[in-house]
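To start, the structure itself, in structure tokens.
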Amino acid sequence: MPLRAQLLRRACELTDGNDAIAEDLVQETLLRMWELRDQLDHHPNPEALAMTILRNKSSDHWRRSQRIVNQEESLANRTATTELHDDMEVIKFIIDNLPPLQQKIFRMKEIEGYEKEEIMLLTGCTDESLRQNLSRARKKIREQFIKMTAQ
């Protein structure tokens, strides 16, 4: 937790000041650090490890966003006869392209029916973080669905 402020500053730099994405990247980094907690005592520089994880998460996010843009362009270029007819297919496509933590939380809550406490235990998220990630996932799904079905 002492690294959180430092990670958040760096994440803001990597995301050009996008606070929501920066917060998500820090959460994913801290989640990864939590998964590695048993090995951190033997690691020569846990701060450098955290920064490397953050940088990698940021790169993954950028690549994912580029892939989504390319996929949206590809969908936009399809003819009317090859449009997606089933709304569930569109929603599944959008869910598959959410950031990993949001995707995991959304699936656990909305599809698999896990309770909030179970999700917090399995992901290591706080109540506030869980609420924010779920809200962001729902918002992104709603926005992308409207954008993709309006074509």
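Since we're looking at a predicted model, the values are computed, not measured.
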query = So which of E89, E143, Q144 actually passes side-chain contact (heavy atoms from CB on, under 4.5 Å) with I94?
reply = Q144

message = Suppose we screen for side-chain hydrogen bond (donor to acceptor under 3.5 Å, both in side chains). Which residues come up paired with E23, at least two apart in sequence or across chains?
response = R4, Q27

request  = Establish whether L101 and L122 are linked, either directly or via other cluster members, by ILVMFWY side-chain heavy-atom contacts under 4.5 Å.
outcome  = yes

ask   = Could you state the interatomic distance from CG (N133) to OG1 (T123), rounded to the nearest 0.5 Å?
value = 8.5 Å

request  = Would you please name every residue forming a salt bridge (Lys or Arg N to Asp or Glu O under 4.0 Å) with R9, sequence neighbours left out?
outcome  = none

inquiry  = Checking one residue: W62. Which other hydrophobic residues are in its cluster under the side-chain 4.5 Å linking rule?
reply    = none

request  = Without swapping roles, check the side chain of S129 against the backbone of C125 for a donor-acceptor pair under 3.5 Å.
outcome  = no

ask   = When rounded to the nearest 0.5 angstrom, what is the spacing between CG in L3 and CG in L30?
value = 8.0 Å

Show the atom names and distances, to 0.1 Å, of all donor-acceptor pairs under 3.5 Å that link a side chain in residues 102-109 to residues at least two apart or in another chain.
{"from": "Q102", "atom 1": "NE2", "to": "D24", "atom 2": "OD2", "distance (Å)": "2.9"}
{"from": "Q103", "atom 1": "OE1", "to": "R107", "atom 2": "NH1", "distance (Å)": "3.1"}
{"from": "Q103", "atom 1": "NE2", "to": "I95", "atom 2": "O", "distance (Å)": "3.1"}
{"from": "Q103", "atom 1": "NE2", "to": "D96", "atom 2": "O", "distance (Å)": "3.0"}
{"from": "Q103", "atom 1": "NE2", "to": "L98", "atom 2": "O", "distance (Å)": "3.4"}
{"from": "R107", "atom 1": "NH2", "to": "D96", "atom 2": "OD1", "distance (Å)": "2.3"}

task = Output yes when a side-chain donor or acceptor of N97 lies under 3.5 Å from a complementary backbone atom of F93, and no otherwise.
result = yes

request  = Would you indicate whether the side-chain heavy atoms of R136 and K139 approach each other to under 4.5 Å?
outcome  = no

ask   = What pairs with E28 under side-chain hydrogen bond (donor to acceptor under 3.5 Å, both in side chains), at least two apart in sequence or on another chain?
value = none

ask   = Would you find a donor on one side and an acceptor on the other, under 3.5 Å apart, between the side chain of S135 and the backbone of R131?
value = no

Distance-only criterion, 3.5 Å: show the donor-acceptor pairs between side-chain atoms of residues 113-121 and protein atoms not counting sequence neighbours.
{"from": "K116", "atom 1": "NZ", "to": "D127", "atom 2": "OD1", "distance (Å)": "3.3"}
{"from": "E118", "atom 1": "OE1", "to": "E115", "atom 2": "N", "distance (Å)": "2.8"}

request  = Just jot down the salt bridge (Lys or Arg N to Asp or Glu O under 4.0 Å) partners of R142, sequence neighbours excluded, or say none.
outcome  = none

key: Transitive ILVMFWY cluster of I53, excluding itself - 4.5 Å side-chain cut-off   = M33, L36, L40, L49

task = Write down the atom of L7, the atom of T29, and the distance for their closest heavy-atom approach.
result = CD1-CG2, 4.1 Å

inquiry  = For A11 versus L54, what's the shortest heavy-atom pair and its separation?
reply    = N-CD2, 3.8 Å

task = Any pair with a residue in residues 35-59 that passes side chain to side chain donor-acceptor pair (under 3.5 Å), sequence neighbours left out, goes on the list, sorted by first then second residue, please.
result = R32-E35

